[in-house]
A.B. asks: 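Quick one: structure below, then a few questions.
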Amino acid sequence: METTVDNNLITRPENILGRVITSAKIRDAVKGIKRIKRSHRQIKAENVFRKTIILVALATVVLVLGIMLTLILQSVLSVKASGIGYLWGKTWDPVRDIFGAYPFILGTILTSFLALFISIPFSFAVAIFLGEYYPKGWLPNLLKNTVELIAAVPSVIYGFWGLAVLVPIVRSFETKIGVAPVGLGIFTSSLILAIMIIPYAASLGQSMIKMVPANLKEAAYSLGATRWEVIRSVILPYTKSGLFAGILLSLGRALGETMAVTMVIGNTTLIPKSIFAPGNTMASVIANEFTEADHPVYLSALIELGLVLFLVTVVINLIGKRLTKQFTN
Amino acid sequence: MKIVNKLALSAIAIVVSGGLMLTSCNGSGSGTASKSDTTDNTILGAGATFPNPLYSKMFSEYNKSNGLKVNYQSIGSGGGIQQLTAKTVDFGASDAPLNGKQDSALSAPAVHIPATAGAVVISYNLPDLKDTLNFTPEVVAAIFLGEIKKWNDPKIAEINKGVKLPSTDIQVSHRSDGSGTTNIFTTYLCKVSKDWETKVGKGSAVNWPVGLGGKGNEGVAGGVKQTPGGIGYVELAYACQNNMAYGKLKNKAGNFILPSISSVTAAANIEIPADGKVSLTNTDAPDGYPISGLSWILVYKEQKYNDRSLDKVTKMLKLVQWMIHDGQQYSGALNYAPLSAKAVAVGDAILKSVTYDGKPVLQ
């Protein structure tokens with residue numbers, strides 16, 4: 001019985017659609033040749049539009065694959081020279097052509113995830129405030145625009161600000177807790193990155209929270225739930241995947257951020273011993289050394305670093321997609 | 001959601017530009033070269049960032065008197081050499097002579113014409129100190145190797161008698177980006193310290209045993225200025241313009257020399273080999289500052305390639321000739337050291353050896 005009911009449900013809209021199409025055809029036929037010509041033109045335009053869209057979409061895919069291919073081809077020299085040990089080699093010595101990317105991979109992952117942890121409370125707070133508590137009004141508007149402005153500020157400005165303002169503050173903080181008062185380092189970079197990535201999770205989370213159906217919330221309120229309980233048991237579970245996607249977007253930005261990090265991370269090839277130690281990230285090594293990489297193996301090693309960064313980003317994105325799916329199911 | 005769309009757009013833009021950049025690195029330069037031929041009154045150059053302020057001034061002055069446009073891209077010595085190798089520019093500029101690998105990558109021999117000289121100074125931040133500190137090569141090497149850790153180390157005190165040195169930790173700053181400045185500095189350290197040569201070596205980027213990296217002269221200067229007890233190396237011109245404290249350095253003859261325009265010119269007043277390729281570091285000149293270096297213009301010895309016209313080649317060589325003679329007057333104001341008479345003489349001889357279709361261009 002059930003299957004037939006389902007079939008009916010599925011076929012009925014089709015019938016309706018069919019009827020609509022036939023009635024439209026009749027109307028067209030009645031309206032004469034002029035109208036038909038126009039619709040021919042329209043169909044043609046539709047086709048051209050569709051083809052353009054497909055072409056542009058495919059071009060994007062081709063470009064990404066092209067970049068990956070270029071990275072792979074150009075890093076062949078370095079892969080041959082350093083082998084797989086490139087990934088866990090601890091020395092980066094361009095003079096002796098010893099290239100180990102481990103300190104930079106570690107630095108990239110440390111700064112990005114630390115930044116993510118610092119930024120999550122802020123971005124979620126902004127998202128909940130703007131999405132649930134005050135969706136309208138001048139103050140929320142101001143806050144929303146300010147948060148979006150954070151994403152629009154060029155990263156070199158964050159770098160300068162970090163160097164001039166944040167570094168001395170971190171330095172005095174480090175003196176208080178009794179670690180080497182360098183100021184520059186993984187921790188400072190993470191702070192800068194955290195600020196830079198807040199808008200991504202905040203803005204996506206905010207629009208997700210606004211999309212929670214009012215009847216769900218009202219149902220919860222009518223059962224006697226408090227606002228906090230509604231947020232915790234209705235809004236957050238409902239928007240989980242959206243919030244997670246926002247976090248992922250933030251992480252992507254943090255992994256690739258170059259300029260601001262380069263200016264405050266301390267740029268040393270030594271392996272960081274704590275989060276207050278100076279370090280380096282893959283992106284900033286490439287930015288620093290690419291222009292003066294004066295022999296082929298060196299250049300190739302830097303391009304391989306780009307390839308590793310590319311792959312790390314891809315892998316983290318894939319894991320993120322996987323987790324998002326799990327959360328939503 | 002708006003911001004997400006914007007992000008997607010910018011991501012595409014980055015992907016597109018990235019793709020173009022990578023392919024253009026790969027491509028041969030024939031397209032660009034033929035394009036530059038249509039505009040015969042423009043000379044293309046690329047290379048070192050260090051002499052860029054001076055070169056820009058020279059090119060703008062030359063343009064006023066001779067109407068020749070020079071498009072110089074200061075993309076770094078390594079990049080300049082690559083562009084010259086790909087024949088996409090008319091001349092390259094570099095802070096270091098071509099090394100063996102770069103030389104063999106060229107399809108034809110190139111010549112080095114010394115165009116200006118500069119120096120690397122050792123700058124420090126000791127707020128309570130009034131005197132200028134003395135350094136010896138051994139002390140500098142030991143500091144940058146991380147062996148001397150405090151300012152009141154006996155090795156520093158020994159050469160600075162009567163100076164009250166604080167017990168502050170030494171915080172080393174170095175360049176994080178590959179640069180000609182690092183190349184000159186590490187070349188010098190290799191010459192004066194066996195330890196440095198075996199442990200670190202020389203190059204435009206090296207594996208620093210200690211210290212923090214800053215991007216550019218301003219990055220190192222920032223590191224030194226912000227940290228009490230900081231020490232770093234920056235270009236003389238940069239240190240002068242920013243009123244940074246820098247020390248005297250003992251040269252090969254045993255004199256403590258304060259880096260200045262005249263002591264750098266003096267460093268270049270030595271016998272310069274006929275090919276112009278000489279490192280001024282650890283100079284023999286008794287009043288020369290030891291961490292000095294020349295900066296070169298690189299051109300192919302045989303100029304007939306890629307359908308270049310004789311007219312254009314002549315214009316370019318005359319420009320370079322003007323740079324090493326009349327152009328030198330702009331050095332002082334910009335804190336560059338004018339070439340020594342010997343360097344100019346060698347440069348002249350090299351320019352006259354450049355040929356077009358086998359015949360010398362300048363008489």
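Predicted model, so just to flag it, every value in this text is computed and none were measured. Every chain is numbered from 1, with letters handed out A, B, ... down the list of sequences.
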A.B. asks: To the nearest 0.5 Å, what is the distance between CH2 on B:Trp208 and OG1 on A:Thr268?
C.D. replies: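 Rounded to the nearest 0.5 Å, the CH2-OG1 separation comes out at 11.5 Å.
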A.B. asks: Name the region of A:Ala59, side chain, backbone, both or neither, that has any atom closer than 4.5 Å to a heavy atom of chain B.
C.D. replies: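 No part of A:Ala59 comes within 4.5 Å of chain B.
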A.B. asks: Is chain B contacted by the side chain of A:Met68, its backbone, both, or neither, given a heavy-atom distance below 4.5 Å?
C.D. replies: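 Neither part, no heavy atoms under 4.5 Å.
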A.B. asks: For each of A:Glu289, A:Arg96, A:Met263, tally heavy-atom pairs with chain B at distances under 4.5 Å, and name the one with the top tally.
C.D. replies: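 It is A:Arg96.
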A.B. asks: Let me know if A:Leu299 has heavy atoms under 4.5 Å from chain B in its side chain, its backbone, both or neither.
C.D. replies: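 The answer is the side chain of A:Leu299.
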A.B. asks: Donor-acceptor pair, A:Arg171 side chain versus B:Gln226 backbone, under 3.5 Å?
C.D. replies: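 Side chain of A:Arg171 to backbone of B:Gln226: a pair is present.
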A.B. asks: Give, as side chain, backbone, both or neither, the part of A:Ala180 having an atom under 4.5 angstrom from any heavy atom of chain B.
C.D. replies: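 Answer is neither: A:Ala180 stays 4.5 Å or more from chain B.
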A.B. asks: With a 4.5 angstrom heavy-atom cut-off, could you sort out which part of A:Val264 is near chain B: side chain, backbone, both or neither?
C.D. replies: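 Contact with chain B involves no heavy atom of A:Val264 at all.
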A.B. asks: Can you measure from CG (A:Leu184) to OG (B:Ser173) and round to the nearest 0.5 angstrom?
C.D. replies: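 Here the interatomic distance stands at 8.0 Å.
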A.B. asks: Shortest non-hydrogen contact from A:Pro94 to B:Ala205?
C.D. replies: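 Looking at all heavy atoms of both residues, the shortest contact is CG-O, 3.5 Å.
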A.B. asks: Under a 4.5 Å cut-off applied to non-hydrogen side-chain atoms, are A:Asn267 and B:Arg175 in contact?
C.D. replies: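 No - every pair of side-chain heavy atoms lies 4.5 Å or more apart.
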A.B. asks: Give the minimum heavy-atom separation between A:Asn288 and B:Ser176, together with the two atoms involved.
C.D. replies: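 Looking at all heavy atoms of both residues, the shortest contact is OD1-OG, 3.0 Å.
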A.B. asks: In Å and rounded to the nearest 0.5 Å, what is the CG to CG distance from B:Leu212 to A:Leu270?
C.D. replies: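 Atom-to-atom, B:Leu212:CG and A:Leu270:CG are 9.5 Å apart.
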A.B. asks: Could you measure the distance from the NZ atom of B:Lys215 to the CG atom of A:Leu163? Nearest 0.5 Å is fine.
C.D. replies: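 The distance works out to 13.0 Å.
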